[in-house]
Number of protein chains: 4
Amino acid sequence: MMPPSAPRGRPRDSRAHRAILAAATELVTDVGYAAASIGAVAARAGVGKDTVYRRWSGKAELVYEAVFTEAEACPVPDTGSLTGDLTALLEALIQEFSAPAAAAALPGLLADFAANPELQARIRSEFLAPAKDGLVTVFERAVQRGETDPNVQVDLVLDTLAGAVFFHIGLVGVQPSQQLAAQLAAIVGRGIETR
Amino acid sequence: MMPPSAPRGRPRDSRAHRAILAAATELVTDVGYAAASIGAVAARAGVGKDTVYRRWSGKAELVYEAVFTEAEACPVPDTGSLTGDLTALLEALIQEFSAPAAAAALPGLLADFAANPELQARIRSEFLAPAKDGLVTVFERAVQRGETDPNVQVDLVLDTLAGAVFFHIGLVGVQPSQQLAAQLAAIVGRGIETR
Amino acid sequence: MMPPSAPRGRPRDSRAHRAILAAATELVTDVGYAAASIGAVAARAGVGKDTVYRRWSGKAELVYEAVFTEAEACPVPDTGSLTGDLTALLEALIQEFSAPAAAAALPGLLADFAANPELQARIRSEFLAPAKDGLVTVFERAVQRGETDPNVQVDLVLDTLAGAVFFHIGLVGVQPSQQLAAQLAAIVGRGIETR
Amino acid sequence: MMPPSAPRGRPRDSRAHRAILAAATELVTDVGYAAASIGAVAARAGVGKDTVYRRWSGKAELVYEAVFTEAEACPVPDTGSLTGDLTALLEALIQEFSAPAAAAALPGLLADFAANPELQARIRSEFLAPAKDGLVTVFERAVQRGETDPNVQVDLVLDTLAGAVFFHIGLVGVQPSQQLAAQLAAIVGRGIETR
DNA sequence: CGATAAACGAGACGGTACGTCCAGTCTTCCA
DNA sequence: TGGAAGACTGGACGTACCGTCTCGTTTATCG
């Protein structure tokens, strides 16, 4: 096993790292994803452009990390019912997507990810991974309770929930109502219940 | 009131109009939405840039019209059951979204629409309008059959269906399976059925 | 014969052309050749960088045209003696080389020309062409007067005179004295006289 | 007076010194002066950039030392005639200037020296110093022989000879002919002879 | 002998300029 | 007047160097 190779040369400055992420978040929130250029992020962070490109290969990767890596560590909900669990999951998803920076970044960010085959693969494997983990756990419990049967298509349900929230909030620009999570959970939950 | 105003001077050339739309469709399909510039569209159409800007105010409007105005005139399905009708609607939607030009254009196009308040309003009023009309009719019939109750939130269901298809095809890049429409219709249809 | 081909499209703006040349001359005089960037020239001229690159392919070409194209149209001197004619030619050369913009530009400019094979050819054919024409005429008259013989190596003499002036003024940075032209003319003139 | 002060700390590595000079010479010969960056020299020498900057303050100083410090120790010629001595001096100068590394470096190197007041002073005091010493000696002998008179302007003759060779070889790119030294010596020698 | 100090390789740092591309507008000639 | 051509200003792109700095490591002298 290769050890992480002796780290030679001057180590990267973590203050610069954080300053860039903060600047990216602010800039996207202020002027939008399309108008936020890497040069402007670097300038606001008080950093050279190379220092940005050394860490991220483009705007999409940078903004993704800046906006969607607060690792919310939200515990998988366990309300006792499938619909209740889905509602809780959706509430977290809605909150994440409707945060100012996220709402400003999402459409352009997803477009850039979708346009690049290498990044496209990361949409499922990183973007949706936490949600999927939660969803799998919730389904396992529901199967044990007999609420649903084991061969539910988790990926399809995940795309449906994420797509619904993204379209509703990110594109159509609707201010998410209090009941949104419950309403979506009701539709999808009942749609996959046994019987 | 001004009558349609005596069309003074040389009338616009409809061949140019069609050439531009065709060039836009080809270019988006070939190089993607982001890399398709207005200058390149004009050059491929054998047209000056101004001739494009005189008719459309930007890439988003142009590509929207080029890719999504084949007026599919598809009649509202009437299969006798809510799930059947939804399946038919979804099949049309999936076919539309997975056409080469549409798949290439959608993410970037929606991002540009979402970023511009003026265009954002048109996502619902134009993009989704035909689908919504069909959905309303289908629901009316389902209410008459007693399959569902009258206060279904059409817009929410519409966002869910469109979002699911967009995420599945446009972003994650999944080749749409034969059963996709039926599977989605089953989930959502059962989710809004009475009882 | 191809006519200059119908000049289609918007013609180039001669005001921009002149503004760029003026800005280049000023900037070279102010900050020196090395520190004068094309971007700075464009900015000072109130012009986009493309407008510069559309006309000149690099800093060397631009500065050459800006600094050395005042077509001095100085008539070939005819003082009656070889040494007198050479003195007059050298006075013109010294005046040209010691103008502020020229003195600031020359070393770097010649270095850039020398480094590029394509430009290197132009040093003789353009830079030194007017001086060479004058020198040839002066020699013809001297031959007729019997002062020198016909097989003088004009190019070598030209390199010697230009090199001497360039080294003295351009490199060593000596303020050219009043007698410089006469002194050089005396050395070189006597060196090529018959007997 | 401070003695050379006990040299504390690790002494400089003379292998690195030589490796840098060799790398600089190679690089200038291979890619030219302008394209030879300090970073590239350091990399080729297997050395950190600081190790270069610790010894030389810039590319000009480094390349000057790399290319023009073979201290050729050529003895002042003594052929018995002014023209003969000049020919010998010029042959040495031509050989020095037309060596591959020197020819590649000269124009850019002189431009950098000329652009920096501090370095400009060194052109005469270092670059031309050996040649000047020889020239002075040659002139002293010529005066003793009665070939020329004592108030010859050595500096001007030096600039003329060096300028002629530089222009002929360095800029115009002429392959130096066998007779070049003799021809130049003939012109300048006769030009400063008594009578 | 251990402390101290400088040089070393590597490479990250804030900057500046590069030359290209595109946006959206303007200006010319031709039909 | 419409249209093709193409020049216009402005600005972002991603790359390359600049000269400085900060690491961990090595090699010397000095107390």
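Since this is a predicted model, take the numbers as computed values, not measurements. Computation of the quantities below employed the complete heavy-atom set of this structure, encompassing side-chain atoms and omitting hydrogens, waters and symmetry-equivalent molecules. Each chain gets a letter, A, B and so on, in the order its sequence line appears, and its residues count up from 1.
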Map A:Gly58 and C:Ala16 onto DNA chain F by nearest heavy atom, then report which one ends up closer to the 5' terminus.
C:Ala16

Separation of D:Arg12 atom CZ from E:dA6 atom P, in whole Å?
11 Å

How many Å lie between CZ on C:Arg55 and P on F:dA7, as a whole number?
9 Å

Nearest-Å distance for atom pair CD1/P, residues D:Ile20 and E:dA7:
13 Å

Tightest non-hydrogen contact, residues D:Ala101 and D:Val28, listed as O-CG1, 3.9 Å

Ignoring hydrogens and angles, tell me if any N or O in the side chain of A:Gln120 forms a donor-acceptor pair with the backbone of A:Ala115 under 3.5 Å.
no

Which whole-number value in Å describes the distance from D:Asp112 CG to F:dC17 P?
16 Å

If I take atom CG in residue C:Asp13 and atom P in nucleotide F:dG10, what distance separates them, rounded to the nearest angstrom?
13 Å

Closest contact, heavy atoms only, B:Gly170 versus B:Pro107
O-CG, 3.8 Å

For atom CZ of C:Arg15 and atom C1' of E:dT28, their distance in whole Å:
14 Å

Spacing of D:Trp56 atom CH2 relative to F:dT20 atom P, expressed in whole Å
16 Å

Mind calculating the distance between CZ (C:Arg18) and P (F:dC8) to the nearest angstrom?
13 Å

Show the distances under 3.5 angstrom between N or O atoms of the protein and N or O atoms of nucleotides 23-27 of chain F.
unit_1, atom_1, unit_2, atom_2, d
F:dT26, O2, D:Arg10, NH1, 2.8

Stepwise side chain to side chain contact (heavy atoms under 4.5 Å, CB included) check, D:Leu110 with D:Tyr33
CA-CA 11 Å; D:Leu110 286 178; D:Tyr33 180 82; over 6 Å; no

Looking at residues 35-54 of chain A, who's got a heavy atom less than 4.0 Å off DNA chain F?
A:Ser37, A:Ile38, A:Gly39, A:Lys49, A:Asp50, A:Tyr53

Atom pair CG/CG of C:Asp112 and C:Leu119 - distance to nearest 0.5 Å:
8.0 Å

Applying salt bridge (charged side-chain N to carboxylate O under 4.0 Å, His left out), which residue pairs with at least one partner in residues 45-68 of chain A are found, sequence neighbours left out?
none

OH of C:Tyr64 to CD of C:Glu126, rounded to nearest 0.5 Å, is 4.5 Å

Measure across A:Ile20 and A:Val47 and return the closest heavy-atom pair with its distance rounded to 0.1 Å.
CD1-CG1, 4.0 Å

Geometric class of the A:Phe113/A:Phe127 ring pair [parallel <30°, tilted 30-60°, perpendicular >60°]:
perpendicular

